[in-house]
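A quick write-up on the structure given underneath.
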Amino acid sequence: MKTIALTGNPNSGKTTLFNRLTGSNQYVGNWPGVTVEKKEGLLKKEFGEAVITDLPGIYSLSPYSPEEVITRDYILKEKPDVIINIIDGTNIERNLYLTLSVIELGRPVVVAVNMMDEVNSTGGAIDCDAISKELNVPVVPISARKDINIEALVRNALSCDKAVDLSDKIYSDDALIAIARIENLISEECKRCGLPLMWTAIKLLENDIRIIKHLDLPADKQRAIDDIARGFESTGELGDRETMLADMRYKFITNTLVRKHVVKPVKPGGESLSDRIDRFVTNRILALPIFFLIFSLIFYLTFGPLGSFFSNALDILINDIVSQAVISLLTSVNAKEWLISLVTKGVISGVGGVLVFLPQIAILFFFLSLLEDSGYMARAAFIMDRLFRRFGLSGKSFIPLLMGFGCSVPAVMATRTLENERDRRMTIILTPFMSCAARWPIYALFISAFFEEKRWIVALGIYALGIVVAVISGIVLKHTVFRGETVPFVMELPTYRLPTLEGTVLQLWDRVKEFLLRAGTLIFTMSIFVWFLSNLGPDLTVVQTENSIFAHIGRIIAPIFAPLGFGNWKASVSLLTGLIAKEAVVSTMGILYGLESSAAESGGLVPVIMQAFTPQSALSFMAFALLYVPCVSTLATIRREMNSLKWTAFTVAWQLVMAYLVSFIVYNVSRLVI
Ligand code: GDP
Ligand code: MG
């Protein structure tokens, strides 16, 4: 089957086109070894047969960013049959730079000039046939969003099979001579590494660090190349070979392509609607208030009445109606007591406990994808960027961190919007410090027991503690682990666009599907596991909880927590079950403190907690519950998104150390103060 790769600048309409081409047969994963999103899909049947790979959004093919390296490595190694390079017709000059770089890689290319609807409606014009003649590749005007000319694009792509060489048109004679001389030197090594000769020669002339390392030329050849490059540098005024070559490409784009064949749109009154909106939205004084208003509204709708309504309804459906129905069904077939307990107390309450968050996650993602598609998200990141710089993150980290207050799983997934890998890893490490909604029951319990009069101060303090620890971690990591890798954050604000329902729904469905899959597999298995561990003894017979495997494990780990003030086995093992889901800390405590029945009555657990803890150890316990390793679903998500066991281990270690350290301080300081 033919393979088609899709490349383009960020916001050129790649995702929209990808959805047009594949419908909903797509698979989202990560590129091996890095955290950059990888999407693949089958071409819709009516268009023909092909596999489509969506490559990361990039501006060029430099060796400096993981996304750009992924793209060129993919094209060089996988050799897709054809590359569709989608460019934004409203910003054609800049987009064509990537086009030239992609053509240079020596694979067949078809250029899709997108957003033609907007170009035409603003009075611009692009002579695609003329540009096609200059570039010697098919150039098809399309509108991905309005579904215009997509079929012609596919037809061109499926029949295109020749690569073109534009070097004579782009580069100066001096450059061409230098390239030819380098080609003579490296032909052998190129063949060995399977790299296209001319492209490699150009990269060496550009001083491309990755190619130099990859080829591993003998010292004399490398010296000869450096001599050629120095000779070439002396032929121009710019002085630097990389800049000189880039300059030739830009000159070709401007002089040969754009000036002759593109009519820039006439802007009525000089200011577009987008600019006018931005005058308010990114205004120095109004930006922050508008920003907080929008996000408060979304959080209010998600975690407030609307989200709670759906979550509660689902809760009743699962835990009352379905659960009762299952019990009566099992009883009617004379099922054993333990089986009923396993199915209802294990599976249904375990999986159900997670499923009830689905409506909130769906609502949150619905709004976030609206914000993203409309172009506001880029502004939000822009507004937060200055603040976030200080502790080593870019403005884009803001969104995932914010979502962390809801649930870390989608928050970690949301880091996919960060194109820079270093920022993305750091954000993933810090996200779980934002106290997720599932931890609220823990605080609620301890606050009722010890701090009822200071309820809001303590609650606020806990959330603030999470933010402070994240900020400190950010500063420390910036100066240690993630030092020196800082890539300047260049951001272009895309024009505001009306989001499409189709795009939003597809994006939403992607996330919901993943969530359901996880609840049905991971959470399902873990729930059964927990049920067994708290009902079976070490000899695998049914025992009292006091003698269960859990109790034994709890007694082993309890001494570790003694310096933090809560060195009893029940607290320890509750933290352990909290790894499955944070709500489990409270429910486990309920079971273990022998209050299974009366805990349901209001305040049932409170008196026992007041006996087992002191105000100081309660504070310490809350701090630990806030900061220690997140639940397994988050860990699994972190593992998948980081795409590295090493980084996942580092994240866990960092969280454990922070939790222990901070709880220790909280415990000892509060003993002096209270
Ligand atoms: P990506 O970043 O390259 O994946 O770009 P997207 O597919 O997310 O598109 C960015 C924005 O451009 C979205 O708001 C799309 O709705 C919009 N868009 C995509 N194609 C077109 C088009 O042909 N015309 C117009 N006017 N807007 C488009
Ligand atoms: Mg996209």
Report task. Please report the shortest heavy-atom distance between I290 and V281, naming the atom on each side. Result -> CD1-CA, 4.2 Å
Query - Whether T634 side chain and P630 backbone form a donor-acceptor pair below 3.5 Å - result: no
**Report entry** Inter-residue atom distance I92.CD1 - N114.CG, 0.5 Å rounding
**Finding:** 11.0 Å
Report task. Given salt bridge (charged side-chain N to carboxylate O under 4.0 Å, His left out), test D275 with R279 step by step and report yes or no. Result -> CA-CA 6 Å; D275 290 338; R279 267 214 312 221; over 6 Å; no
Query raised in the report: Centroid-to-centroid, F398 to F291, below 6.0 Å?
Result: yes
Query - Aromatic contact, Y97 with Y59 (centres under 6.0 Å) - result: no
Query raised in the report: Do the side-chain N and O atoms of S12 and D88 include a donor-acceptor pair separated by under 3.5 angstrom?
Result: no
Requested in this report: Would you confirm whether N95, through its side chain, and N91, through its main-chain N or O, come within 3.5 Å as a donor-acceptor pair?
Outcome: yes
Report task. Walk me through it: do L477 and I429 pass the test side-chain contact (heavy atoms from CB on, under 4.5 Å)? Result -> CA-CA 10 Å; L477 290 173; I429 295 174; 4.2 Å; yes
Query raised in the report: For L42 and M1, what are the C-alpha separation, side-chain angles and deciding distance, and is it a side-chain contact (heavy atoms from CB on, under 4.5 Å)?
Result: CA-CA 10 Å; L42 278 182; M1 205 186 296; 4.0 Å; yes
Query raised in the report: Do the side chain of K14 and the main chain of L55 share a donor and acceptor less than 3.5 angstrom apart?
Result: yes
Query raised in the report: Side chains of S62 and E68: donor-acceptor distance under 3.5 Å anywhere?
Result: yes
Query - E134 versus L166, closest heavy-atom pair with distance - result: O-CD2, 4.0 Å
Query raised in the report: Taking atom types as modelled, is there a side-chain donor on E93 or T254 under 3.5 Å from an acceptor on the other?
Result: yes
Requested in this report: Verify side-chain contact (heavy atoms from CB on, under 4.5 Å) between V263 and D127, making sure each step is shown before the conclusion.
Outcome: CA-CA 9 Å; V263 179; D127 188 345; over 6 Å; no
Report task. Provide the closest heavy-atom pair for I211 versus K203 in the form atom of the first, atom of the second, distance. Result -> CG1-CB, 3.9 Å
**Report entry** N156 side chain vs P138 backbone, donor-acceptor pair below 3.5 Å
**Finding:** no
Query - R497 (side chain) donor-acceptor with G375 (main chain) under 3.5 angstrom - result: no
Requested in this report: Test side-chain contact (heavy atoms from CB on, under 4.5 Å) on I212 and L204 and set out the steps.
Outcome: CA-CA 7 Å; I212 292 174; L204 288 176; 3.6 Å; yes
Requested in this report: Answer yes when E206 and R249 have at least one side-chain N-carboxylate O distance shorter than 4.0 Å, and no when they do not.
Outcome: yes
Query raised in the report: Quick check: are there more than 12 heavy atoms from other residues, nucleotides or ligands sitting under 6.0 Å from CD of E49?
Result: no
Report task. Taking only Lys NZ, Arg NE, NH1 and NH2, and the carboxylate oxygens of Asp or Glu, determine whether D81 and K2 approach each other closer than 4.0 Å. Result -> no
Query raised in the report: Would one find more than 12 heavy atoms of other residues, nucleotides or ligands at under 6.0 Å from atom CZ of F310?
Result: no
Report task. Could you tell me whether W647 and F482 have their ring centroids closer than 6.0 angstrom? Result -> yes
Requested in this report: For T431 and T427, indicate whether the former's side chain and the latter's backbone hold a donor-acceptor pair under 3.5 Å.
Outcome: yes
Query - Neighbour count >12 (heavy atoms, 6.0 Å) for atom NZ, K133 - result: no
Query raised in the report: Is any side-chain heavy atom of L21 less than 4.5 Å from a side-chain heavy atom of V154?
Result: yes
Query raised in the report: Can any side-chain N or O of S274 pair as donor or acceptor with the backbone N or O of Y496 at less than 3.5 Å?
Result: yes
**Report entry** Short N-O contact, K44 and E151, less than 4.0 angstrom
**Finding:** no
**Report entry** Check: A411 main-chain N/O paired with S408 side-chain donor or acceptor under 3.5 Å
**Finding:** no
Report summary line: side chain to side chain donor-acceptor pair (under 3.5 Å) filter on D208, not counting sequence neighbours, yields R72
Requested in this report: Please tell me if the side chains of I131 and V262 come closer than 4.5 Å, counting only heavy atoms from C-beta onward.
Outcome: yes
Requested in this report: Verify, without hydrogens or angle tests, whether R20 (side chain) and R145 (backbone) share a donor-acceptor contact under 3.5 angstrom.
Outcome: yes
Query raised in the report: Are the side chain of D54 and the backbone of K39 linked by a donor-acceptor contact shorter than 3.5 Å?
Result: no
